[in-house]
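Here is the structure we will look at, set down as structure tokens.
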Amino acid sequence: MTEAFATLTRDVAPQEWVAAATALRDEEGYDFFDWLSAYDDGESGIAVVARVWSVAGRRGVLLRTHVARDGGTLPTLTGVWAGAAWHERETHEMFGVGFDGHPELRPLLLPDGFEGNPLRKDFVLASRVAKEWPGAKEPGESVPGRKRPFGVPR
């Protein structure tokens, strides 16, 4: 377990995901599921993070693992905390992470027929295709040599 900015983080392998969550709940007293999300960690893949809280101990911990960028899956935490269902649906939709055993992994936020995972760094943002970025005011105006942010096609 590591600590940074007064937050404890426990890194686990994907195959230990459910066992680690169950141990946090049953053995260490983290009885409240707060949230689950992910972030694109570049070459390391997609990092999935769950935050749980001990009501009696008034402390929280982050449980984190990494999955493959393409086709990465984790077992669902819905058997440990039912409240994880909504968060896993959102993470599946926004990052493309699969959750094996999830009771209903259907679209949640995006319109029908939407293709891609909009919170991944390799997702091209349509608005950035239509107008030069960052902050060009007039057509053809841009700063030479400026590094383009993620989501801007090359």
Side-chain angles (χ1 to χ4, degrees), residues 1-54 57 59-111 113-129 132-135 143 145-154:
M1 194 156 345
T2 60
E3 183 175 358
F5 303 104
T7 302
L8 293 174
T9 303
R10 180 173 294 174
D11 288 301
V12 298
Q15 60 271 20
E16 299 170 2
W17 182 244
V18 173
T22 303
L24 284 171
R25 182 192 67 191
D26 297 344
E27 299 168 17
E28 299 183 39
Y30 290 94
D31 51 352
F32 180 78
F33 173 83
D34 195 3
W35 54 262
L36 180 143
S37 192
Y39 61 91
D40 190 334
D41 202 12
E43 293 179 14
S44 297
I46 304 294
V48 180
V49 182
R51 184 172 189 270
V52 294
W53 184 260
S54 169
R59 66 188 188 283
V61 65
L62 297 176
L63 183 64
R64 177 175 58 192
T65 192
H66 284 80
V67 297
R69 196 168 214 23
D70 297 316
T73 63
L74 282 174
T76 184
L77 289 182
T78 56
V80 183
W81 291 292
W86 188 93
H87 300 264
E88 289 178 350
R89 285 176 60 195
E90 180 186 35
T91 301
H92 172 70
E93 193 170 25
M94 296 296 162
F95 291 94
V97 176
F99 290 94
D100 297 332
H102 192 283
E104 193 178 5
L105 205 55
R106 62 184 167 84
L108 180 69
L109 302 170
L110 298 175
F114 190 90
E115 293 183 20
N117 306 107
L119 293 184
R120 289 175 56 152
K121 290 180 181 176
D122 57 0
F123 185 79
V124 176
L125 300 174
S127 63
R128 292 187 177 180
V129 174
E132 289 186 33
W133 197 264
V143 178
R146 181 180 285 178
K147 184 179 176 184
R148 291 179 154 199
F150 290 109
V152 177
R154 304 255 181 287

Identify every side-chain donor-acceptor pair in residues 14-27 under 3.5 Å, counting partners at least two apart or on other chains, and give the distances.
| residue | atom | partner | partner atom | Å |
| --- | --- | --- | --- | --- |
| T22 | OG1 | V18 | O | 2.8 |
| R25 | NH1 | V80 | O | 2.9 |

Side chain to side chain, [X] and [Y], heavy atoms closer than 4.5 Å:
{"X": "V48", "Y": "V97", "answer": "yes"}
{"X": "T91", "Y": "L36", "answer": "yes"}
{"X": "H92", "Y": "L105", "answer": "yes"}
{"X": "F123", "Y": "N117", "answer": "no"}

Distance check, rounded to the nearest 0.5 Å: F95 atom CZ versus E90 atom CD? 8.0 Å
Would you compute the distance between atom CG of L119 and atom CE of M94 and round it to the nearest 0.5 angstrom? 5.5 Å
Tell me whether [X] contacts the main-chain N or O of [Y] through its side chain, where contact means a donor paired with an acceptor under 3.5 Å.
{"X": "E88", "Y": "H102", "answer": "no"}
{"X": "E93", "Y": "L110", "answer": "yes"}
{"X": "T65", "Y": "V12", "answer": "yes"}

Please collect all side-chain hydrogen bond (donor to acceptor under 3.5 Å, both in side chains) contacts where either partner lies in residues 35-52, sequence neighbours excluded, each pair once. D34-R51, Y39-R64, D40-R69, D41-H66
side-chain contact (heavy atoms from CB on, under 4.5 Å) partner of L8, the single match among V61, L62, T2: V61
May I ask you to check whether E28 and S54 show a side-chain donor-acceptor distance below 3.5 Å? no
Please assess W86 against L108 for the test side-chain contact (heavy atoms from CB on, under 4.5 Å), listing each intermediate value before the final yes or no. CA-CA 8 Å; W86 188 93; L108 180 69; 3.4 Å; yes
Heavy-atom nearest pair, A68 first then I46, reads O-CG1, 4.4 Å
Could you work out, with ring-ring contact (aromatic ring centres under 6.0 Å, His included) as the rule, every residue matching F33, not counting sequence neighbours? W81, H87
